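To start, the structure under review is shown below, and the notes come after it.
Not measured: the values here are computed from a predicted model.
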Amino acid sequence: MEKILRHRIIGLEREMESFTDWLEDSNAEPFIFSISGIGGMGKTTLLLQMDRMARQSSVRSLWLDGQGSLATSGAFLASLEMSLATEYGRTRDPELALLPYIVNELQLQRTVLFIDNCEEIAQLEGWLFSRFLPGLKSARVLIVCASRNGLPLKWQTNPEWKSQLRRFPLRLFTREEVYDYLGGSGLSSELQRAIAEKTEGHPLSLALTVDMLLSESAEERSVWREVPAVLSAEFLRESASPGVYRALTVLSLLPVADENLLNRLLDAPVEGVDYYQLRGLSFVRDTVDGISLRQVVARMLRDDFARRNPEQFEAVRHQAFVLLSERFHSVDQRMQMRISAHILELYREFLPSTHAYANFSSSLKPGEQKPFRQEDLPYLQRFLKASIQGSDWQSELVKPADCPVLLKEIAAHFPDGIFIVRDEKGMPLAFCAGVWLHALSLPLLERYAPGCRGMLGEEASLLHRLPPEAADTIFVLLSAVNSEQSLYRPEELGALLMQQWLVHMTGGLRGILAAGDPQLNSLLSILGFKACGKATGFAGIELTKWELDFRQTTFDQWIQRIIRQTEIAAGQPTYPREDEVPPAIDRSEMKQILDGLFDPDKLEELPVMRRLGWSGAQVRTIIQEILADPRSREPLTVLEKEILIASYLRKDRNKNQLAASFHMSRATFYRHMRLAEKHLAFVLSELMRSGF
């Protein structure tokens, strides 16, 4: 089974079709194929498949390994001579010079010359263009070169050969192709889903994961740690110096960085020569904003960094959060949205991995961002219909029977209020729809969602006079995912939709929505939404109004909340800030109080109670009021309140059951628990200073 999987070729139809066309063309001209891609993308696998096909077609194939065959022109020719002799019994007359012999042999018979690992081909460019390639102008020869960065620019601009050159940059597998690969593996459907979500379409990651899971000694729980480590070592092998190695691990925590920004997170500054080497690595993109890692490589390097040195990883990640928040207001809107998306990627570990509405552990990436098109509407209506039938994903402000009509109205009159997540082919997978609040849209909102009047309050009269071009707030009414397809979990699409919408808001906009589901409310709190009162839904359901406001400088508040939630893991002091008075109690004391909350004798004996002069009844009442208060008390979130209530007030489940009830792993639950205790300690300290 393993061998069958390892030799399966998927996702390379374009390359194989071009190769087949050349093989079947009786008048084939000399051609050069340049195949490129980062480590593990399947370059060698593709060459091997082409080699097999050439031999099956009775076309001669010769193979060179660029790591040794490209050192000198003599080594190049000697390697070809050896291949001709050992594989085809062709020998050279000692009186005939080597170059004319090789050129003559290539002219005699149709041949495919494979050159793998040809990163060093630049050192032979002059000789190849002046001596070797001119002799092949009339030969039926195809030269297939595989390298990480592709053939150098000189090949692409050479007047004699540029028309004979075809470039094939390899891409990641689509989700459909991943499932195609996994189809014959014999692995359970649930395990196939996990593999598809975690391997990100990287061919070598996919193959390694499957091989490890199929091996008798493999333990499932170790695969997700071992595979990133193996692949990280493969990528880091390109870095020739310790300075480059350190810079890569730090670069994995930044969306893009120039030399100065990179050095702010490095203990020892990266030298100029090392930065130059970084720019040349196959998995590093060199852009006008600086250098950045390819997304799949950045994820693998982060995973490996966290595994090798978790404490240092947490500390550097925290520094990256702080650094990016400082940069946000000094860059343009395009870079602001990029920073926002990257912060959410780094924040992923602190989100519930499997929430009822969103699965943030998935590595799913959106397809190309395209605005709504009228041909998308039938797909969105189908998603919405299935959502309504399942009583899921749609707004509680709008009557179910009105949802399809409302979507049609929005598509016809306010299409810029529709946000779509698409697959690699551009097909819709999920959407949310709302209206930008202004004078022309308010009547539609009030007609289909009358409960919005109470939510908008006095602002409604101002909005009725606001021209459309001044609108900066979107009111989300509908949301649905394609639950009929089998490639993506609905929760994956939900997470991606939320992240995409949130990143869009960080460009200086405000978003409003209403929800009555406790789990959705807790998720919105984690994502930085603020509860701003109550509203009534279409069936008298009590809803919470949530806002995410980036119109002014509130990005700072949003990122500071995220920073607070990562500081404990990074070993950083959460509260107080430099300009604040130290809290009266710390987290460990807060935990002692919570543990003894319903044991008056135990509570009165605590040193912190005696030190502060509190009575047990007094502090118990205050804590219960804090946790029961629907209003948000920064930095204590709604989710953290729910965790504290379930853990210390109800106390009807063990920790494993509690983690499961909050759709978190045990480790993630403990992290949220510690943050909740810390933040409650801060709120309680502030209340104490104000005299309760």
Side-chain angles (χ1 to χ4, degrees), residues 350-352 518 521-531 544 557 560-577 580-600 602-653 655 658-659 661-662 664 667-692:
F350 293 86
L351 298 170
N521 285 337
S522 69
L523 180 59
L524 294 172
S525 175
I526 297 171
L527 287 173
F529 287 78
K530 286 197 172 185
T544 300
Q557 299 170 9
Q560 285 299 329
R561 164 175 278 185
I562 288 180
I563 288 173
R564 281 198 297 270
Q565 298 206 52
T566 62
E567 280 173 328
I568 289 179
Q572 302 290 331
T574 309
Y575 281 95
R577 302 290 181 207
E580 293 174 339
V581 179
I585 56 175
D586 59 27
R587 188 189 71 82
S588 62
E589 292 172 329
M590 188 71 255
K591 188 177 187 313
Q592 292 173 355
I593 293 172
L594 289 168
D595 283 332
L597 202 59
F598 296 102
D599 187 339
K602 181 179 178 181
L603 201 58
E604 298 287 354
E605 292 174 359
L606 292 177
V608 63
M609 299 290 287
R610 294 198 298 268
R611 185 181 83 239
L612 299 173
W614 290 347
S615 72
Q618 182 185 30
V619 75
R620 180 170 62 247
T621 300
I622 292 296
I623 289 174
Q624 288 176 314
E625 289 177 355
I626 292 172
L627 298 181
D629 190 345
R631 295 173 300 171
S632 177
R633 288 183 180 269
E634 291 287 347
L636 189 65
T637 67
V638 173
L639 175 67
E640 289 167 354
K641 287 182 183 180
E642 292 179 359
I643 287 175
L644 292 173
I645 290 170
S647 302
Y648 292 106
L649 272 62
R650 296 198 189 102
K651 297 196 292 187
D652 56 351
R653 287 164 287 183
K655 292 295 190 293
L658 284 170
S661 69
F662 284 95
M664 301 177 186
T668 302
F669 177 77
Y670 271 107
R671 183 164 53 245
H672 280 287
M673 172 82 85
R674 290 193 297 270
L675 287 168
E677 292 162 353
K678 184 83 172 181
H679 293 164
L680 178 60
F682 179 80
V683 171
L684 192 59
S685 298
E686 291 296 290
L687 287 173
M688 185 200 70
R689 290 196 186 99
S690 65
F692 290 117

> For S588, what residues pass the side-chain hydrogen bond (donor to acceptor under 3.5 Å, both in side chains) criterion, not counting sequence neighbours?
Replying inline: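 Checked S588 against side-chain hydrogen bond (donor to acceptor under 3.5 Å, both in side chains); matches are D586.
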>> Restricting to side-chain contact (heavy atoms from CB on, under 4.5 Å), what partner residues turn up for E604, sequence neighbours left out?
In response: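 E604 satisfies side-chain contact (heavy atoms from CB on, under 4.5 Å) with S615 only.
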> For L684, which of E589, H679, M590 qualifies under side chain to side chain contact (heavy atoms under 4.5 Å, CB included)?
Replying inline: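 For L684, the side chain to side chain contact (heavy atoms under 4.5 Å, CB included) test succeeds with only one of E589, H679, M590, which is M590.
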> Listed by chain and number, what are the salt bridge (charged side-chain N to carboxylate O under 4.0 Å, His left out) partners of D599, not counting sequence neighbours?
Replying inline: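 Partners of D599 by the salt bridge (charged side-chain N to carboxylate O under 4.0 Å, His left out) criterion come out as none, since no residue qualifies.
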To the closest 0.5 Å, what do you measure between [atom1] ([X]) and [atom2] ([Y])?
X    : Y    : atom1 : atom2 : answer
K651 : L594 : NZ    : CG    : 10.0 Å
L680 : Y648 : CG    : OH    : 10.0 Å
L636 : E677 : CG    : CD    : 11.0 Å
L597 : L649 : CG    : CG    : 6.0 Å
E642 : L627 : CD    : CG    : 11.0 Å
R620 : L603 : CZ    : CG    : 7.0 Å

>> Counting C-beta onward and ignoring hydrogens, is there a side-chain heavy-atom pair between K641 and L644 closer than 4.5 Å?
In response: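 Not in contact.
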>> A side-chain contact here means heavy atoms from C-beta on lying under 4.5 Å apart; do K655 and M673 qualify?
In response: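 Touching, per the 4.5 Å side-chain cut-off.
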>> How close do A617 and T621 get, counting heavy atoms only, and between which atoms?
In response: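 Closest pair (atom of A617, atom of T621, distance): O-OG1, 2.9 Å.
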